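This is a predicted model, so every value here is computed, not measured. Each chain gets a letter, A, B and so on, in the order the sequences are listed, and its residues count up from 1.
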Protein chains: 2
Amino acid sequence: MNTAPLTRRARAGGGRMTAQRRAVLQALQELGCAPTAEEIHTRARHIRSGLGLVTVYRTLETFAQEGLVQRLFLDDARGRYELMGGRHHHHLVCLSCGTIQSLNRCFLAAAERAARARGFKVTAHRFELFGYCRRCQAPAAR
Amino acid sequence: MNTAPLTRRARAGGGRMTAQRRAVLQALQELGCAPTAEEIHTRARHIRSGLGLVTVYRTLETFAQEGLVQRLFLDDARGRYELMGGRHHHHLVCLSCGTIQSLNRCFLAAAERAARARGFKVTAHRFELFGYCRRCQAPAAR
DNA sequence: GTATCAGGTGAAAATGATTTTCATTATCAG
DNA sequence: CTGATAATGAAAATCATTTTCACCTGATAC
(Lines give C-alpha, C1' and ligand atoms only; values in the text may rest on other atoms or scores of the structure.)
Protein backbone atom coordinates (compact mmCIF):
# COMPACT_ATOMS: atom_id res chain seq x y z
CA MET A 1 0.00 0.00 0.00
CA ASN A 2 1.40 3.38 -1.02
CA THR A 3 1.67 5.85 1.85
CA ALA A 4 3.79 8.43 0.03
CA PRO A 5 0.95 10.86 -0.81
CA LEU A 6 -0.24 10.72 2.80
CA THR A 7 3.26 11.25 4.10
CA ARG A 8 3.53 14.30 1.89
CA ARG A 9 0.25 15.69 3.15
CA ALA A 10 1.25 15.05 6.74
CA ARG A 11 4.59 16.81 6.30
CA ALA A 12 2.81 19.74 4.70
CA GLY A 13 1.10 20.25 8.04
CA GLY A 14 4.45 21.35 9.43
CA GLY A 15 5.22 18.37 11.64
CA ARG A 16 8.06 15.91 11.37
CA MET A 17 7.62 12.56 9.72
CA THR A 18 8.66 9.88 12.15
CA ALA A 19 8.53 6.12 11.89
CA GLN A 20 5.66 6.16 14.40
CA ARG A 21 3.57 8.58 12.39
CA ARG A 22 4.23 6.63 9.23
CA ALA A 23 3.04 3.50 11.02
CA VAL A 24 -0.17 5.21 12.12
CA LEU A 25 -0.84 6.46 8.61
CA GLN A 26 -0.29 3.03 7.16
CA ALA A 27 -2.51 1.40 9.78
CA LEU A 28 -5.27 3.91 9.04
CA GLN A 29 -4.99 3.17 5.36
CA GLU A 30 -5.03 -0.57 5.88
CA LEU A 31 -7.85 -0.62 8.41
CA GLY A 32 -10.17 1.54 6.37
CA CYS A 33 -13.48 2.03 8.04
CA ALA A 34 -13.45 4.13 11.22
CA PRO A 35 -11.22 2.10 13.57
CA THR A 36 -10.73 3.03 17.23
CA ALA A 37 -7.40 4.23 18.64
CA GLU A 38 -6.94 0.80 20.17
CA GLU A 39 -7.40 -0.93 16.82
CA ILE A 40 -5.06 1.48 15.11
CA HIS A 41 -2.51 0.90 17.85
CA THR A 42 -2.68 -2.87 17.47
CA ARG A 43 -2.23 -2.67 13.72
CA ALA A 44 0.46 0.02 13.77
CA ARG A 45 2.44 -2.00 16.32
CA HIS A 46 2.98 -4.66 13.67
CA ILE A 47 4.62 -2.03 11.51
CA ARG A 48 6.57 -0.30 14.24
CA SER A 49 6.92 -2.45 17.33
CA GLY A 50 7.16 -0.67 20.64
CA LEU A 51 4.85 2.06 19.42
CA GLY A 52 2.92 3.37 22.40
CA LEU A 53 -0.82 3.87 22.57
CA VAL A 54 -0.23 7.39 23.85
CA THR A 55 1.72 8.21 20.72
CA VAL A 56 -1.14 6.91 18.62
CA TYR A 57 -3.54 9.23 20.40
CA ARG A 58 -1.20 12.18 20.05
CA THR A 59 -0.57 11.45 16.41
CA LEU A 60 -4.25 11.13 15.62
CA GLU A 61 -4.94 14.42 17.39
CA THR A 62 -2.17 16.10 15.40
CA PHE A 63 -3.45 14.68 12.12
CA ALA A 64 -6.97 15.71 13.00
CA GLN A 65 -5.84 19.30 13.53
CA GLU A 66 -4.11 19.24 10.17
CA GLY A 67 -7.29 17.96 8.59
CA LEU A 68 -5.66 14.70 7.56
CA VAL A 69 -7.87 12.63 9.80
CA GLN A 70 -11.40 12.97 11.12
CA ARG A 71 -12.49 11.83 14.54
CA LEU A 72 -16.06 10.70 14.92
CA PHE A 73 -18.37 9.17 17.47
CA LEU A 74 -20.77 6.52 16.34
CA ASP A 75 -22.65 4.27 18.73
CA ASP A 76 -20.44 4.59 21.78
CA ALA A 77 -18.09 6.94 23.58
CA ARG A 78 -14.97 5.64 21.88
CA GLY A 79 -13.59 7.95 19.28
CA ARG A 80 -13.15 6.54 15.80
CA TYR A 81 -10.77 7.85 13.22
CA GLU A 82 -10.61 7.88 9.48
CA LEU A 83 -8.50 9.45 6.81
CA MET A 84 -10.00 12.53 5.23
CA GLY A 85 -9.92 13.21 1.56
CA GLY A 86 -11.40 9.94 0.48
CA ARG A 87 -14.80 10.04 -1.10
CA HIS A 88 -17.50 11.55 1.10
CA HIS A 89 -19.41 8.73 2.73
CA HIS A 90 -21.47 7.55 5.67
CA HIS A 91 -21.57 4.47 7.84
CA LEU A 92 -23.57 1.37 8.54
CA VAL A 93 -23.15 0.51 12.20
CA CYS A 94 -24.25 -2.94 13.30
CA LEU A 95 -25.88 -2.75 16.72
CA SER A 96 -25.14 -6.38 17.33
CA CYS A 97 -21.50 -6.94 16.40
CA GLY A 98 -20.38 -3.35 16.07
CA THR A 99 -18.90 -3.72 12.61
CA ILE A 100 -18.84 -0.62 10.50
CA GLN A 101 -19.22 -0.51 6.78
CA SER A 102 -19.09 2.58 4.65
CA LEU A 103 -21.62 3.85 2.20
CA ASN A 104 -20.85 6.24 -0.60
CA ARG A 105 -24.07 8.07 -1.31
CA CYS A 106 -25.38 10.46 1.27
CA PHE A 107 -28.99 11.13 0.47
CA LEU A 108 -31.33 9.62 2.92
CA ALA A 109 -33.63 7.55 0.76
CA ALA A 110 -30.81 6.37 -1.47
CA ALA A 111 -28.70 5.54 1.56
CA GLU A 112 -31.39 3.44 3.16
CA ARG A 113 -31.95 1.64 -0.13
CA ALA A 114 -28.21 1.05 -0.50
CA ALA A 115 -28.04 -0.30 3.03
CA ARG A 116 -30.89 -2.71 2.44
CA ALA A 117 -29.31 -3.83 -0.79
CA ARG A 118 -26.41 -5.18 1.21
CA GLY A 119 -28.66 -7.02 3.56
CA PHE A 120 -28.35 -4.47 6.34
CA LYS A 121 -31.55 -4.09 8.33
CA VAL A 122 -31.92 -0.43 9.20
CA THR A 123 -33.57 0.19 12.55
CA ALA A 124 -32.50 3.77 13.15
CA HIS A 125 -30.43 6.49 11.62
CA ARG A 126 -28.75 9.62 12.77
CA PHE A 127 -28.03 12.71 10.80
CA GLU A 128 -26.17 15.63 12.30
CA LEU A 129 -25.12 18.95 10.86
CA PHE A 130 -22.03 20.61 12.26
CA GLY A 131 -21.05 24.20 11.83
CA TYR A 132 -21.44 27.56 13.51
CA CYS A 133 -24.61 28.98 14.94
CA ARG A 134 -25.68 32.52 14.24
CA ARG A 135 -24.34 33.76 17.57
CA CYS A 136 -20.89 32.29 16.98
CA GLN A 137 -20.57 33.56 13.42
CA ALA A 138 -20.86 37.23 14.24
CA PRO A 139 -18.91 39.38 14.59
CA ALA A 140 -15.79 37.17 14.60
CA ALA A 141 -16.82 33.80 13.27
CA ARG A 142 -15.33 30.96 15.27
CA MET B 1 -45.14 20.80 32.52
CA ASN B 2 -47.13 17.59 32.48
CA THR B 3 -45.10 14.49 33.21
CA ALA B 4 -48.03 12.12 33.71
CA PRO B 5 -47.92 10.49 30.26
CA LEU B 6 -44.18 9.93 30.63
CA THR B 7 -44.60 8.52 34.10
CA ARG B 8 -47.16 6.11 32.70
CA ARG B 9 -44.81 5.01 29.93
CA ALA B 10 -41.97 4.58 32.41
CA ARG B 11 -44.09 2.46 34.72
CA ALA B 12 -45.20 0.36 31.78
CA GLY B 13 -41.55 -0.67 31.42
CA GLY B 14 -41.94 -2.63 34.64
CA GLY B 15 -39.87 -0.44 36.94
CA ARG B 16 -40.94 1.47 40.00
CA MET B 17 -41.70 5.13 39.88
CA THR B 18 -39.58 6.95 42.40
CA ALA B 19 -39.19 10.64 43.12
CA GLN B 20 -35.72 10.47 41.54
CA ARG B 21 -36.98 8.98 38.30
CA ARG B 22 -39.76 11.50 38.15
CA ALA B 23 -37.19 14.27 38.59
CA VAL B 24 -35.06 12.88 35.76
CA LEU B 25 -38.07 12.67 33.47
CA GLN B 26 -39.09 16.21 34.28
CA ALA B 27 -35.56 17.49 33.73
CA LEU B 28 -35.40 15.74 30.36
CA GLN B 29 -38.68 17.29 29.38
CA GLU B 30 -37.64 20.75 30.49
CA LEU B 31 -34.16 20.65 28.99
CA GLY B 32 -35.29 19.46 25.60
CA CYS B 33 -32.45 19.15 23.19
CA ALA B 34 -29.96 16.36 23.95
CA PRO B 35 -28.54 17.36 27.35
CA THR B 36 -25.64 15.49 28.97
CA ALA B 37 -26.01 13.44 32.16
CA GLU B 38 -24.34 16.28 34.04
CA GLU B 39 -26.85 18.83 32.77
CA ILE B 40 -29.75 16.54 33.55
CA HIS B 41 -28.33 15.99 37.02
CA THR B 42 -28.04 19.72 37.68
CA ARG B 43 -31.59 20.36 36.57
CA ALA B 44 -33.10 17.34 38.28
CA ARG B 45 -31.40 18.32 41.53
CA HIS B 46 -33.58 21.42 41.66
CA ILE B 47 -36.59 19.17 41.59
CA ARG B 48 -35.28 16.52 43.95
CA SER B 49 -32.35 17.75 46.01
CA GLY B 50 -29.79 15.19 47.07
CA LEU B 51 -30.29 13.27 43.85
CA GLY B 52 -27.02 11.60 42.97
CA LEU B 53 -25.32 11.72 39.60
CA VAL B 54 -24.97 7.96 39.74
CA THR B 55 -28.70 7.60 40.01
CA VAL B 56 -29.13 9.84 37.00
CA TYR B 57 -26.86 7.59 34.97
CA ARG B 58 -28.64 4.47 36.13
CA THR B 59 -32.03 5.95 35.48
CA LEU B 60 -31.09 7.07 31.99
CA GLU B 61 -29.71 3.62 31.24
CA THR B 62 -32.91 2.02 32.46
CA PHE B 63 -35.06 4.37 30.44
CA ALA B 64 -32.91 3.77 27.39
CA GLN B 65 -33.46 0.04 27.68
CA GLU B 66 -37.18 0.61 27.93
CA GLY B 67 -37.02 2.76 24.81
CA LEU B 68 -38.17 5.84 26.69
CA VAL B 69 -34.91 7.65 26.15
CA GLN B 70 -32.25 7.59 23.45
CA ARG B 71 -28.57 8.04 24.13
CA LEU B 72 -26.53 9.62 21.42
CA PHE B 73 -23.02 10.84 20.75
CA LEU B 74 -22.59 14.04 18.83
CA ASP B 75 -19.30 15.88 18.66
CA ASP B 76 -17.60 14.46 21.73
CA ALA B 77 -17.42 11.41 23.94
CA ARG B 78 -20.06 12.59 26.37
CA GLY B 79 -23.32 10.78 25.99
CA ARG B 80 -26.39 12.90 25.39
CA TYR B 81 -29.91 11.87 26.15
CA GLU B 82 -33.30 12.72 24.81
CA LEU B 83 -36.82 11.53 25.24
CA MET B 84 -38.03 9.24 22.50
CA GLY B 85 -41.43 9.46 20.98
CA GLY B 86 -41.28 13.08 20.08
CA ARG B 87 -41.24 13.96 16.43
CA HIS B 88 -38.33 12.43 14.53
CA HIS B 89 -35.62 15.05 14.19
CA HIS B 90 -31.94 15.80 13.80
CA HIS B 91 -29.50 18.22 15.35
CA LEU B 92 -27.53 21.32 14.62
CA VAL B 93 -24.33 21.16 16.65
CA CYS B 94 -22.35 24.37 16.96
CA LEU B 95 -18.63 23.60 16.81
CA SER B 96 -17.85 26.80 18.61
CA CYS B 97 -20.18 26.99 21.60
CA GLY B 98 -21.51 23.46 21.56
CA THR B 99 -25.17 24.43 21.63
CA ILE B 100 -27.54 21.98 20.08
CA GLN B 101 -30.70 22.85 18.26
CA SER B 102 -33.11 20.40 16.78
CA LEU B 103 -34.39 20.20 13.27
CA ASN B 104 -37.59 18.47 12.25
CA ARG B 105 -37.09 17.40 8.67
CA CYS B 106 -34.63 14.69 7.92
CA PHE B 107 -33.87 14.84 4.24
CA LEU B 108 -30.44 16.05 3.52
CA ALA B 109 -31.03 18.93 1.17
CA ALA B 110 -34.05 20.15 3.08
CA ALA B 111 -32.15 19.86 6.33
CA GLU B 112 -29.24 21.91 5.10
CA ARG B 113 -31.63 24.52 3.77
CA ALA B 114 -33.50 24.60 7.07
CA ALA B 115 -30.24 24.99 8.95
CA ARG B 116 -29.15 27.90 6.80
CA ALA B 117 -32.52 29.52 7.21
CA ARG B 118 -31.80 29.85 10.90
CA GLY B 119 -28.44 31.39 10.26
CA PHE B 120 -26.51 28.22 10.99
CA LYS B 121 -23.42 27.88 8.82
CA VAL B 122 -23.05 24.21 7.92
CA THR B 123 -19.45 23.06 7.60
CA ALA B 124 -19.95 19.32 7.89
CA HIS B 125 -22.62 16.77 8.46
CA ARG B 126 -22.82 13.22 9.61
CA PHE B 127 -25.37 10.64 8.73
CA GLU B 128 -25.30 7.18 10.22
CA LEU B 129 -27.58 4.21 9.79
CA PHE B 130 -27.93 1.76 12.67
CA GLY B 131 -29.32 -1.70 12.49
CA TYR B 132 -28.21 -5.27 11.97
CA CYS B 133 -25.79 -6.48 9.37
CA ARG B 134 -26.53 -9.53 7.26
CA ARG B 135 -24.36 -11.74 9.44
CA CYS B 136 -26.14 -10.73 12.64
CA GLN B 137 -29.64 -11.10 11.22
CA ALA B 138 -29.38 -14.77 10.38
CA PRO B 139 -30.27 -17.20 11.70
CA ALA B 140 -31.29 -15.66 15.05
CA ALA B 141 -31.48 -11.93 14.51
CA ARG B 142 -30.06 -10.06 17.46
C1' DG C 1 28.26 14.63 7.01
C1' DT C 2 27.43 16.48 11.64
C1' DA C 3 25.80 19.41 15.31
C1' DT C 4 21.79 21.33 17.11
C1' DC C 5 17.51 21.61 19.18
C1' DA C 6 12.56 21.96 18.77
C1' DG C 7 9.44 18.75 18.05
C1' DG C 8 8.38 13.81 19.10
C1' DT C 9 8.35 9.72 22.07
C1' DG C 10 7.27 6.36 25.98
C1' DA C 11 5.92 5.42 30.63
C1' DA C 12 3.49 6.70 34.47
C1' DA C 13 0.22 9.37 36.47
C1' DA C 14 -3.86 12.33 36.00
C1' DT C 15 -8.36 13.20 34.27
C1' DG C 16 -13.22 12.90 33.06
C1' DA C 17 -17.12 10.25 32.04
C1' DT C 18 -19.40 6.33 33.29
C1' DT C 19 -20.15 1.85 35.81
C1' DT C 20 -19.93 -1.26 39.69
C1' DT C 21 -20.31 -2.49 44.46
C1' DC C 22 -22.56 -2.66 48.63
C1' DA C 23 -25.07 -1.30 52.55
C1' DT C 24 -29.35 1.18 53.22
C1' DT C 25 -33.96 2.84 51.91
C1' DA C 26 -38.47 2.88 49.82
C1' DT C 27 -42.01 1.24 46.28
C1' DC C 28 -46.01 -1.28 45.61
C1' DA C 29 -48.29 -6.07 45.02
C1' DG C 30 -50.76 -8.76 47.91
C1' DC D 1 -49.78 -2.63 56.14
C1' DT D 2 -45.99 -5.36 55.25
C1' DG D 3 -42.43 -7.98 52.98
C1' DA D 4 -39.92 -8.91 48.89
C1' DT D 5 -37.17 -6.74 46.01
C1' DA D 6 -36.06 -2.87 43.20
C1' DA D 7 -33.84 1.64 43.69
C1' DT D 8 -30.66 4.80 45.91
C1' DG D 9 -26.22 7.15 47.45
C1' DA D 10 -21.42 7.11 48.31
C1' DA D 11 -17.14 5.32 47.37
C1' DA D 12 -14.31 2.83 44.58
C1' DA D 13 -13.44 0.82 40.07
C1' DT D 14 -13.12 1.10 35.13
C1' DC D 15 -12.31 2.75 30.53
C1' DA D 16 -10.88 5.99 27.12
C1' DT D 17 -8.14 9.72 26.73
C1' DT D 18 -4.85 13.50 28.13
C1' DT D 19 -0.99 15.41 30.64
C1' DT D 20 3.59 15.39 32.49
C1' DC D 21 8.28 14.83 32.18
C1' DA D 22 12.74 13.02 31.12
C1' DC D 23 14.83 11.28 27.14
C1' DC D 24 15.33 10.83 22.03
C1' DT D 25 15.67 11.99 17.04
C1' DG D 26 14.31 14.18 12.45
C1' DA D 27 15.64 17.72 9.57
C1' DT D 28 17.66 22.17 8.99
C1' DA D 29 21.93 24.97 9.21
C1' DC D 30 26.56 24.56 8.96
I need the CD-P distance between A:Gln65 and D:dT18, as an integer number of Å. 11 Å
CZ of A:Arg22 versus P of C:dT9: gap in Å, rounded? 11 Å
Short question: side chain of A:Gln26, backbone of A:Ala23 - any donor-acceptor pair under 3.5 Å? no
Just by modelled atom types, is the A:Leu51 backbone N or O under 3.5 Å from a matching donor or acceptor in the A:His41 side chain? yes
What distance separates B:Arg9 CZ from B:Glu66 CD, expressed to the nearest 0.5 Å? 10.0 Å
For B:Glu38, is there any backbone N or O sitting under 3.5 Å from a side-chain donor or acceptor partner on B:Thr42? yes
First of B:Val54 and A:Arg48 reached from the 5' end of DNA chain C, by closest nucleotide: A:Arg48
Against the side chain of A:Thr18, the closest entry in D:dA7, C:dT9, D:dT18 is C:dT9
Nearest-Å distance for atom pair CG/P, residues B:Leu51 and C:dT25: 18 Å
With nearest nucleotides of DNA chain C determined for B:Met17 and B:Glu61 from heavy-atom distances, which residue corresponds to the more 5′ nucleotide? B:Glu61
Measure the distance from CD on B:Glu66 to C1' on D:dA7 and round it to the nearest whole Å. 13 Å
With distance as the sole test, does B:Ser49 use its side chain to make a donor-acceptor pair with the main-chain N or O of B:Arg45 at under 3.5 Å? no
Of B:Gly50 and A:Leu53, whose nearest nucleotide on DNA chain D comes first from the 5' end? B:Gly50
Of residues 71-80 of chain A, the positions that come close to DNA chain C - non-hydrogen atoms, cut-off under 4.0 Å: none
Nearest to side-chain heavy atoms of B:Gln20, which nucleotide of C:dT18, C:dT9, D:dT8: D:dT8
Has the side chain of A:Arg58 got a donor or acceptor atom sitting under 3.5 Å from an opposite partner on the base of D:dT18? no
Exactly one of B:Arg80, B:Glu82, B:Gln101 clears side chain to side chain donor-acceptor pair (under 3.5 Å) with B:His91, and that residue is B:Glu82
What's the CD-P distance between A:Glu39 and D:dT17, to the nearest Å? 11 Å
For C:dA6, does the base pair up with any side-chain atom of A:Arg16 as donor and acceptor (N or O, under 3.5 Å, distance only)? yes
If you compare every side-chain N and O of B:Tyr57 against the phosphate oxygens of C:dT19 (OP1, OP2), does one of them come in below 4.0 Å? no
